[in-house]
Amino acid sequence: MKDRLFKNVDRTLLIVTIILVLFGVVFITSAGIPNGVKNHGDEYYQIKAHIPLLLIGIVVMFIGMNLTRRQLQFWGVIGFFLSLIAVALLFTSLGKTEHGQVRSIVIPGINKGFQPSEFIKVSSIIFFASFLSMVRNKIEDSKTFIYALAIMGISAGPILFKDFSTAAVIGATLFIMLFASGMKNHQFVVVFAIAIVVAILFVTKYGYRMDRFKGFFSDEMNKETYHQFQSLYAMAVGGLFGVGLFHSRFKYNIFAAHSDFIIAVIAEEIGLFGVALVIILFVVFIYSGYTISYRAENYFDKLVALGITSYIGVQALFNIAVACKFMPATGITLPFVSYGGTSIIVALGSVGILLGISKRG
């Protein structure tokens with residue numbers, strides 16, 4: 001049964017994903033202790049909350065792996081419009097504000113929430129892949145190009161008001177897909193110019209974003225750079241091989257050590273060796289995902305595999321860059337490794353879709 005279940009899937013991608021998830025289980029257990037004790041009175045609260053979500057993610061992964069191409073297109077399109085509706089709810093009283101960003105919708109009655117932006121990451125990839133496969137070899141046409149820009153804008157635009165980093169991940173992912181579809185040099189310049197202008201407008205519009213941007217260029221520790229400096233200190237203390245599992249001290253100083261800055265805890269506890277291993281795993285994941293895209297015979301499958309791999313890669317790059325102070329501080333998780341309810345479910349579901357494409361060939 002095991003052989004039938006995973007027959008013809010990309011084993012490398014599957015194994016790398018499992019290893020990254022196991023990294024997450026270990027380091028969420030460690031990095032989640034401060035938040036668990038402070039806010040819930042239980043040092044293992046974070047990992048206890050993570051495991052059920054992880055199990056749901058595994059179920060979703062198997063579902064994604066067994067979707068037919070037609071089912072994927074159908075549910076992807078439906079999911080895209082449902083995700084847009086959910087994003088619109090962020091602008092209502094259901095939207096939950098945390099640290100200047102509105103990312104979650106709280107479900108009345110059960111006081112539980114989810115992040116609609118996570119769903120639109122994947123659904124926008126599927127929707128855009130459907131569009132690009134219909135207009136294959138016509139992207140140089142002005143009307144087609146404008147439609148493509150409109151889809152990109154609808155996907156990332158509304159989220160820009162509430163969650164800049166997630167919108168950046170979506171925008172970068174859809175741009176890569178558009179680029180791979182054969183857009184011309186002048187179209188590249190147009191998209192790049194629009195992205196720069198929009199980024200400037202949405203950074204300067206919100207004071208806290210501007211403060212973080214300014215803090216990025218500062219060598220002094222302040223309110224906006226405090227956690228990034230603590231992350232750098234944790235990496236320095238970790239050295240080559242770390243201070244040992246569960247012996248991190250800086251996780252008590254870093255906000256969201258179990259999510260946004262989990263790579264800092266990894267660096268402190270198992271050193272540069274551990275960080276290098278995580279980076280290598282993501283490189284192998286990206287290589288495997290792009291290989292699946294290259295080998296796929298169907299154009300829609302190629303674009304979906306390209307988009308999913310790019311979103312995981314871009315998000316991992318952003319997370320590690322923030323922790324190393326190579327980018328302004330922003331809240332974004334490390335795929336598969338960080339704690340995050342909606343993000344782990346969507347990430348594993350995305351892997352399932354990739355594995356399904358690798359089966360189809």
Side-chain angles (χ1 to χ4, degrees), residues 16-17 19-32 34-36 45-47 49-54 56-58 60-61 90 96 98-105 113-122 125 156 159 162-173 212 227-228 231 234 251 254-267 274-275 278-279 281-282 285-286 308-351:
V16 167
T17 302
I19 296 172
L20 285 168
V21 167
L22 292 176
F23 254 93
V25 170
V26 172
F27 286 98
I28 290 168
T29 303
S30 174
N35 184 66
Y45 170 84
Q46 222 67 61
I47 190 62
H50 182 72
I51 293 299
L53 298 167
L54 180 58
I56 293 171
I58 292 171
V60 173
M61 183 181 75
L90 291 173
K96 183 180 179 182
E98 291 181 296
H99 312 288
Q101 308 259 39
V102 182
R103 292 178 173 163
S104 301
I105 293 173
F114 67 96
Q115 294 184 338
S117 58
E118 293 293 332
F119 292 109
I120 206 168
K121 283 178 188 174
V122 179
I125 289 169
I159 300 172
K162 302 297 183 181
D163 185 353
F164 186 90
S165 55
T166 299
V169 170
I170 294 170
T173 300
R212 290 178 181 178
H227 298 291
Q228 285 181 300
S231 174
K251 66 189 176 189
I254 302 173
F255 169 76
H258 57 289
S259 56
D260 300 349
F261 286 95
I262 199 166
I263 196 71
V265 179
I266 294 173
V275 174
V278 170
I279 292 173
L281 288 169
F282 274 110
F285 181 97
I286 293 165
I308 288 174
T309 306
S310 299
Y311 122 64
I312 296 291
V314 170
Q315 184 164 323
L317 175 65
F318 282 9
N319 176 275
I320 295 171
V322 167
C324 296
K325 205 177 179 290
F326 291 152
M327 281 178 60
T330 182
I332 198 162
T333 57
L334 186 61
F336 313 117
V337 182
S338 294
Y339 173 83
T342 314
S343 62
I344 188 66
I345 294 171
V346 170
L348 288 175
S350 301
V351 170

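Position 1 is the first residue of the sequence, and the numbers go up from there.
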Peer 1: Under the ring pair (Phe, Tyr, Trp, His ring centres under 6.0 Å) test, which residues partner Y339, sequence neighbours left out?
Peer 2: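 Scan of Y339 (ring pair (Phe, Tyr, Trp, His ring centres under 6.0 Å), adjacent residues dropped) gives H50, H258.
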Peer 1: Work out which heavy atom in A31 is nearest to a heavy atom in V265; give both atom names and the distance.
Peer 2: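 A31 and V265 have their closest heavy atoms at CB-CG2, 3.8 Å.
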Peer 1: Just wondering, do I320 and V275 contact through their side chains at under 4.5 Å, heavy atoms?
Peer 2: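 Side chain of V275 against side chain of I320, heavy atoms only: no contact under 4.5 Å found.
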Peer 1: Could you go through residues 321-328 and list every donor-acceptor pair under 3.5 Å that involves a side-chain atom there, pairing it with any protein atom two or more places apart or in another chain?
Peer 2:
residue: K325; atom: NZ; partner: F216; partner atom: O; Å: 2.9
residue: K325; atom: NZ; partner: S218; partner atom: O; Å: 3.1

Peer 1: Measuring only between side-chain heavy atoms, which start at C-beta, is I266 closer than 4.5 Å to V337?
Peer 2: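 Touching, per the 4.5 Å side-chain cut-off.
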Peer 1: Any side-chain heavy-atom pair from L317 and F282 closer than 4.5 angstrom?
Peer 2: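 No, side chains not in contact.
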Peer 1: Restricting to non-hydrogen atoms, name the atom on I308 and the atom on I125 that form the minimum distance, rounded to 0.1 Å.
Peer 2: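 Closest approach of I308 to I125: N-CD1, 3.8 Å.
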Peer 1: Grab the two heavy atoms, one from S117 and one from D163, that are nearest each other, plus how far apart they are.
Peer 2: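 Looking at all heavy atoms of both residues, the closest pair is OG-OD2, 4.1 Å.
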Peer 1: To the nearest 0.5 Å, what is the distance between NE2 on H227 and CD1 on I254?
Peer 2: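 Rounded to the nearest 0.5 Å, the NE2-CD1 separation comes out at 9.0 Å.
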Peer 1: Might you work through the side-chain contact (heavy atoms from CB on, under 4.5 Å) test for L281 and F336, ending with a clear yes or no?
Peer 2: CA-CA 11 Å; L281 288 169; F336 313 117; over 6 Å; no
Peer 1: Extract all donor-acceptor atom pairs below 3.5 Å that involve side chains of residues 22-30 and protein atoms in other chains or at least two apart in sequence.
Peer 2:
residue: T29; atom: OG1; partner: V25; partner atom: O; Å: 2.6
residue: S30; atom: OG; partner: K251; partner atom: NZ; Å: 2.9
residue: S30; atom: OG; partner: E269; partner atom: OE1; Å: 3.4
residue: S30; atom: OG; partner: E269; partner atom: OE2; Å: 2.6

Peer 1: With a 4.5 Å heavy-atom cut-off, do L348 and T17 have their side chains touching?
Peer 2: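 Yes. Closest side-chain heavy atoms under 4.5 Å.
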Peer 1: Could you work out, with ring pair (Phe, Tyr, Trp, His ring centres under 6.0 Å) as the rule, every residue matching F261, not counting sequence neighbours?
Peer 2: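 Here no residue qualifies.
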Peer 1: Could you state the interatomic distance from CD (E118) to CD1 (I345), rounded to the nearest 0.5 Å?
Peer 2: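 Here the rounded value is 10.0 Å.
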Peer 1: List for me each residue that meets side chain to side chain contact (heavy atoms under 4.5 Å, CB included) alongside A256, sequence neighbours excluded, and say none if there are none.
Peer 2: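 Testing A256 for side chain to side chain contact (heavy atoms under 4.5 Å, CB included), a comparison that skips the adjacent residues, returns S259, D260.
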Peer 1: Report the C-alpha distance between F285 and V351 in whole Å, list the side-chain angles of each, state the deciding distance to 0.1 Å, and finish with yes or no for side-chain contact (heavy atoms from CB on, under 4.5 Å).
Peer 2: CA-CA 10 Å; F285 181 97; V351 170; 4.0 Å; yes
Peer 1: Do you know the tightest heavy-atom contact between S350 and Y311?
Peer 2: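 For S350 versus Y311, the nearest heavy atoms are OG-CE2, 3.5 Å.
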Peer 1: Under 3.5 Å, side chain of Q315 to main-chain N/O of V169, donor-acceptor pair present?
Peer 2: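 No, because the side chain of Q315 does not come within donor-acceptor range (under 3.5 Å) of the backbone of V169.
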Peer 1: How far apart are the closest heavy atoms of G171 and A156, and which atoms are they?
Peer 2: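 Where G171 meets A156 most closely, the heavy atoms are N-CB, 4.3 Å.
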Peer 1: List the residues meeting side chain to side chain contact (heavy atoms under 4.5 Å, CB included) with S310, not counting sequence neighbours, and say none if there are none.
Peer 2: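 In terms of side chain to side chain contact (heavy atoms under 4.5 Å, CB included), with neighbours along the sequence ignored, S310 is linked to T173, I176, Y290, L306.
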Peer 1: A347 and I312: which non-hydrogen atoms are nearest, and at how many Å?
Peer 2: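 Taking A347 first and I312 second, the nearest heavy atoms are CB-CD1, 4.4 Å.
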